[in-house]
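Keep in mind that what you see is a predicted model, and the values were worked out from it rather than measured. Throughout, protein chains are lettered first and strands after them, A, B, ... in sequence-line order, and every chain is numbered starting at 1.
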Amino acid sequence: MAFSKHFEHQERETEIYRKWEDSGAFRADAASEKPPFTISMPPPNATGTLHLGHAIMLVLEDLMIRWRRMAGDEALWVPGSDHAAIATESVVIRLLQKEGIADPRGTFGREGLVERIAEYVEKSRGTIRSQVRGMGSSCDWSRERYTMDPQLSRCVAEVFGKMFRDGLIYRGARIVNWDPGLQTTISDDEIDHVEQSDAKFYTLRYGPFLIGTSRPETKLGDTAVAVHPDDERYKDFVGKSFEIAWPKGPTIHVRVVADEAVDPEFGTGALGVTPAHSQTDFEIAERHGLPLIPIIGEDGRMTAAAGPYAGMTVLECRKAFVADLDEAGLVAEVKTYPQRLSICYRSKQAIEPLIKAQWFIDVNKPAVPWKGKLMSLRQVLRDVVESGDIQLVPRHEEKTYFHWIDNLRDWCISRQIWWGHRIPVWYRGEQEVYVGHRGPEGQGWTQDSDTLDTWFSSALWTWSTLVDPELAKNQDIGLTDLLAQSPDFQKFHSTSVMETGYDILFFWVARMILMTTYATGAVPFRTVYLHGLILDRDGEKMTKSKPETSIDPLDTIRDLGADPLRISMVIGNSAGTDFRLSPERLEAGKHLVNKLWNAAKLVERTIQGEGAETDAVSAAATHPVNRWMVARAHQLIDTVDGRLAAWAFGDAAEQIRSSFWGDFCDVYLETVKVPELAGLPETRAVALHVFDIYLRLFHPFIPFVTEEIWEQLGRPGLLIRAGWPKASLHEAWPEDVGGVDAVMRMIVSLRRIRSEARIEPKATVAASVRVFAYADTVKACEPIVRKLANLESFEWLAADAVLPSGAVTAADPAFLVAVDLGEANREAERDRLRKELEEAERRLANVGKRLANEQFVRNAKPEIVEGARAEEREIQSLKGTLEERLRELGG
RNA sequence: AGGCCCGUAGCUCAGUUGGUUAGAGCGCUACGUUGACAUCGUAGAGGUCAGCGGUUCGAAUCCGCUCGGGCCUACCA
């Protein structure tokens with residue numbers, strides 16, 4: 001089969017993907033004897049199209065899966081998507097509003113709206129699916145899951161019930177983060193903080209106190225003033241009560257309480273306590289039994305309790321209230337003070353802390369049986385990482401993780417939106433409550449109207465996806481048995497690696513650890529690989545508004561192919577670090593794929609003829625260059641295995657790239673063009689054997705082009721199912737390897753002499769050589785040196801032969817090469833030799849000093865000392881050569 | 001306020017448990033190239049590894065401090 005001029009990615013990629021899929025290579029077998037290797041694909045939101053955040057995730061996971069599959073594991077990559085509750089609902093509502101439906105909730109009602117959202121999701125899931133395919137992702141589509149699949153929904157309800165029974169889920173009225181725009185609570189982790197440098201800080205006259213606040217309007221709901229217990233200034237006030245009549249009403253009653261939470265150094269040291277609208281104040285109020293007065297409603301407007309300000313928005317009220325205070329002379333000071341405003345990470349709206357009865361997960365109750373003890377969820381979270389059950393890559397993310405745990409509070413899991421898993425709780429009358437996945441029997445029950453935080457269901461993802469869908473239809477089997485009898489769960493859980501962005505370590509990773517370890521008694525995954533953000537060339541987030549630096553994966557796949565995109569995103573990328581993807585990088589990726597394609601063409605030509613069949617021929621190769629190439633390739637396998645095992649994917653890819661380009665293309669393929677080598681049957685075998693290794697090593701990174709070449713070269717079967725290469729010959733033939741390295745240095749030396757002397761590349765020159773080591777190898781490689789250095793003649797000098805006085809030389813521990821360029825070069829030659837001699841002496845002194853140091857010889861590892869001795873011998877010999885040559889030139 | 005990370009060539013970054021001539025890609029200089037190469041090749045220039053101090057036979061690497069940059073968390077109202 002003839003290779004086309006270029007790899008036609010547009011036609012071939014789809015075709016190749018279909019071939020993989022049809023072959024069943026993506027499908028894992030739960031009955032297999034092979035060790036499992038499992039990755040749960042982080043479900044892309046069912047709302048958008050593929051972006052670079054998805055792309056990097058798909059690339060890294062696919063390369064792991066392909067690598068482990070080739071290495072003989074039963075590799076399972078479970079794809080799927082997430083219903084993404086808040087995100088999806090708000091997107092659809094906005095779409096409907098654009099279509100002219102002002103109030104979609106009111107217009108369609110709960111069921112109608114949910115139906116519309118489901119339709120929308122179904123459509124965008126199709127889009128995402130094909131884009132995931134476009135990246136070359138070798139995931140098991142037969143096991144595709146969706147968080148709203150019946151069996152996954154059942155897991156959600158089961159876990160809720162289990163936690164409720166264990167007392168880990170409770171309902172309570174507490175301060176929650178209310179998003180007045182989305183009309184729902186959100187969790188602590190869904191809040192972003194934006195710096196407000198121009199925020200105002202007011203000092204108000206407040207009865208007998210001066211108090212500071214950045215939110216004067218909340219003072220309408222104050223019920224106390226808190227001071228530090230040790231604060232002498234306010235000692236006499238503690239325990240007293242007083243009234244404050246605001247200029248235009250209302251009147252509030254405040255008690256003075258002493259509380260450790262107050263920082264006496266801040267402001268005036270007196271804090272107006274607004275229990276209904278501040279977390280800190282709420283806690284103070286709990287400690288002192290203070291009343292709560294909600295003054296801000298869920299619509300973000302002031303309530304009736306705010307008196308004349310009722311109905312105003314918070315900001316309107318602030319303005320009006322401050323004006324009134326000012327008029328009454330109650331504003332003592334106003335200054336600008338930098339402040340952090342809490343906003344919802346989705347809606348970007350200001351969060352209003354207020355009191356609301358919600359469902360919470362108790363993270364402190366010791367109710368989780370783990371390692372023979374009863375632990376709190378918080379303790380379990382800590383234990384599994386501390387004990388090494390779960391390893392974070394990079395390691396330092398563990399510190400961030402522990403820090404998060406230390407600050408973790410009860411997790412509010414109920415949301416006032418409609419799209420999602422409805423809370424599996426039913427009420428009848430005032431007293432009766434039913435909790436469970438089946439629903440209550442009898443009449444008159446009403447289900448809780450809230451839905452669960454989307455992360456509640458995502459937190460079960462590693463295993464709810466592995467529950468057998470058929471089995472789950474049987475409602476009589478409990479959760480434990482459901483897991484015990486699901487073949488996929490038994491075979492593939494705990495999963496091997498969770499690969500995702502560090503930005504959702506808390507949102508998702510930590511919650512999976514929390515929920516899964518609790519629910520299944522096993523950690524969700526062994527290793528967490530966290531990738532960084534994909535940024536533009538300038539280190540900023542890519543946005544459509546900067547098209548010159550913004551890269552769209554879909555455009556890239558169309559224009560360059562998936563392979564260049566993939567390799568560009570991997571090389572130079574490492575765990576936990578942000579990555580700048582630029583057009584220049586994509587260009588480099590494109591060149592690499594192109595280089596591989598062209599190398600394939602040359603290899604195809606090279607291997608025509610007998611002998612290009614078996615690896616055995618390679619193992620029996622006799623020519624030093626062939627042996628060198630085989631050894632280099634096997635050494636590379638060894639290196640790559642090490643880098644992959646250390647999760648250093650970027651490094652692994654770079655090693656393959658540089659060996660392929662440098663050793664194979666620049667050296668070997670050039671070398672085997674020399675007839676003496678090209679004519680050997682073993683050369684054909686080695687070229688194929690080694691190229692085969694490169695194809696296998698490259699495959700996880702650039703699967704399409706490697707698969708195509710594999711087929712074009714007539715290799716057996718599909719590359720995706722081929723075995724991972726094994727390093728066996730990397731330490732063979734050290735004499736040949738060292739010798740060929742010397743030959744390569746010899747060629748470079750000769751080229752440099754030519755280049756410096758401005759000799760036309762086409763012009764041949766006469767060279768001579770004196771060889772001190774690897775004589776046999778060098779002899780065998782003579783035709784290669786002649787060809788690659790373009791020599792007219794290559795004379796072997798006897799040890800006592802004198803070089804022509806006009807010779808320009810290059811000295812090496814293994815040889816001395818010379819090109820006669822005439823007397824005119826004599827002075828320059830002498831200067832250069834002197835300089836080199838100086839350098840050699842400097843290095844010799846250096847290594848000598850080291851070896852003379854008893855401490856070094858005693859303490860350093862033996863191989864280091866031996867290395868130093870070898871170095872000393874080498875430089876010594878080099879020095880001798882240089883001195884001798886200088887003597888020839890008369891000093 | 002606390003925590004984490006980073007500072008290596010003009011740019012973007014590698015640099016495994018400390019081992020002595022610190023690497024790559026892109027860019028740059030010179031030369032060459034219609035038979036593998038939407039190019040590619042050959043040769044080359046370019047680094048006091050942010051600074052200071054310490055540990056060590058030996059430090060880009062470990063420790064401390066300083067300076068600069070980024071990120072995360074938080075109940076200083």
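- In the model, A/Glu190 has a side-chain atom that pairs as donor or acceptor with a side-chain atom of A/Ser187 under 3.5 Å.
- Between the P atoms of B/G2 and B/C65, the separation comes to 13 Å (whole Å).
- Contact between the side-chain N/O atoms of A/Lys849 and the OP1/OP2 oxygens of B/C57 is not found at any separation under 4.0 Å.
- The side chain of A/Lys595 contributes an N or O atom lying less than 4.0 Å from OP1 or OP2 of B/G41.
- Contact check, A/Trp661 against B/G41: a side-chain N or O comes under 4.0 Å of OP1 or OP2.
- With respect to A/Arg12 and A/Glu8, no salt bridge is recorded, no charged nitrogen being found less than 4.0 Å from a carboxylate O.
- Backbone-only contact: A/Ala588 has heavy atoms under 4.0 Å from sugar-phosphate atoms and none from a base.
- Using Watson-Crick or G-U wobble geometry with both donor-acceptor distances under 3.5 Å, B/U12 finds its partner in B/A24.
- Atom C1' of B/U55 sits at a distance of 10 Å from the matching atom of B/A59, rounded to the whole Å.
- Nucleic acid contact for A/Asn859: base, since at least one base atom lies under 4.0 Å from a heavy atom of the residue.
- Closest approach to the A/Arg409 side chain among B/A36, B/C75, B/A77 is made by B/C75 (side chain taken as heavy atoms from C-beta onward).
- For A/Asn598 and A/Lys595, the side-chain atoms include no donor-acceptor pair closer than 3.5 Å.
- OP1 or OP2 of B/A36 has at least one side-chain nitrogen or oxygen of A/Arg605 nearer than 4.0 Å.
- Pair assignment for B/U56 gives none, since no Watson-Crick or G-U wobble pairing has each distance under 3.5 Å.
- When the nucleotides B/G32, B/G19, B/A77 are ranked by their closest atom to the side chain of A/Pro761, B/G32 comes out on top.
- Backbone-only contact: A/Tyr337 has heavy atoms under 4.0 Å from sugar-phosphate atoms and none from a base.
- Taking the P atoms as reference points, B/U8 lies 13 Å from B/U61, given to the whole Å.
- B/G2 is paired with B/C72 under the criterion used here, namely a Watson-Crick or G-U wobble arrangement in which both key atom distances are under 3.5 Å.
- Judged by distance alone, the side chains of A/Thr639 and A/Gln655 never bring a donor and an acceptor atom under 3.5 Å apart.
- Comparing B/A36, B/C57, B/A77 by their nearest atom to the side chain of A/Phe266 picks out B/A77.
- Comparing A/Asn573 and A/Glu871, the nucleotide of RNA chain B nearest to each residue sits closer to the 5' end for A/Asn573.
- Nucleic acid contact for A/Asp666: sugar-phosphate only, since backbone atoms but no base atoms lie under 4.0 Å from a heavy atom of the residue.
- Residue-level contact check: A/Phe506 touches the backbone only, with heavy atoms under 4.0 Å from sugar-phosphate atoms and none from bases.
- Between A/His403 atom NE2 and B/G2 atom P the separation is 11 Å, expressed in whole Å.
- Remark: B/U33 base-pairs with no nucleotide in the shown strands. Criterion, Watson-Crick or G-U wobble with two distances under 3.5 Å.
- In summary, the side chains of A/Asp222 and A/Thr274 do present a donor paired with an acceptor at a separation below 3.5 Å, with no hydrogens or angles considered.
- Residue contacts for A/Arg657: at a heavy-atom cut-off of 4.0 Å it reaches the sugar-phosphate backbone alone, with no base atom in range.
- Ranking B/G19, B/A77, B/C4 by closeness to the A/Ile864 side chain, first place goes to B/G19.
- Regarding contacts with the backbone of B/U12, a side-chain N or O of A/Arg580 is found under 4.0 angstrom from either OP1 or OP2.
- Spacing between atom CG of A/Asn598 and atom C1' of B/U34 amounts to 14 Å, rounded to whole angstrom units.
- Remark: A/Glu836 engages A/Arg832 in a salt bridge, criterion side-chain N to carboxylate O under 4.0 Å.
- OP1 or OP2 of B/U33 has at least one side-chain nitrogen or oxygen of A/Lys762 nearer than 4.0 Å.
- Between B/C13 and B/A30, the distance separating the two P atoms is 29 Å to the nearest Å.
- For A/Asn407, the listed nucleotide lying nearest its side chain is B/U73; candidates were B/U73, B/A77, B/U42.
- Per the geometry, CD belonging to A/Glu397 stands 12 Å off P belonging to B/U73, to the nearest Å.
- Distance noted for atom P between B/G7 and B/U12: 12 Å (whole Å).
- Under the 3.5 Å distance criterion, with hydrogens and angles disregarded, a donor-acceptor pair is assigned to the side chains of A/Gln279 and A/Glu283.
- Each of A/Asp651 and A/Val748 was matched to the nucleotide of RNA chain B holding its nearest heavy atom; the match closer to the 5' end belongs to A/Asp651.
- Base pairing of B/C65: its partner is B/G51, meeting the Watson-Crick or G-U wobble criterion (both donor-acceptor distances under 3.5 Å).
- Taking atom P on both B/U48 and B/U42, the two are 28 Å apart, rounded to the nearest angstrom.
- With B/A36, B/C40, B/U42 as the candidates, the nucleotide lying closest to the side chain of A/Leu669 is B/A36.
- In this structure, A/Gln855 places its CD atom 14 Å from P of B/A59, rounding to the nearest Å.
- Residues A/Asp578 and A/Tyr502 have side chains that bring a donor and an acceptor to within less than 3.5 angstrom of each other.
- Across B/U33 and B/C49, the matching C1' atoms stand 38 Å from one another, rounded to whole Å.
- Look at A/Asn846 and you won't find any side-chain N or O under 4.0 angstrom from OP1 or OP2 of B/U20.
- Nucleic acid contact for A/His6: base, since at least one base atom lies under 4.0 Å from a heavy atom of the residue.
- Contact check for A/Phe660 versus A/Leu636: no side-chain heavy atoms found under the 4.5 Å cut-off.
- Look at A/Ser755 and you won't find any side-chain N or O under 4.0 angstrom from OP1 or OP2 of B/A30.
- The side chain of A/Arg752 contributes an N or O atom lying less than 4.0 Å from OP1 or OP2 of B/G44.
- When distances run from any side-chain atom of A/Ala860 to the nucleotides B/A14, B/G19, B/C5, the shortest one goes to B/G19.
- Side-chain nitrogen and oxygen atoms of A/Lys673 include at least one within less than 4.0 Å of the OP1 or OP2 phosphate oxygen of B/A36.
- Here A/Glu760 lies out of heavy-atom contact (under 4.0 Å) with every strand.
- Across the P atoms, B/A43 and B/G25 are found 13 Å apart, a figure rounded to whole Å.
- No engagement by A/Thr274 is indicated, since no non-hydrogen atom pair under 4.0 Å with the nucleic acid exists.
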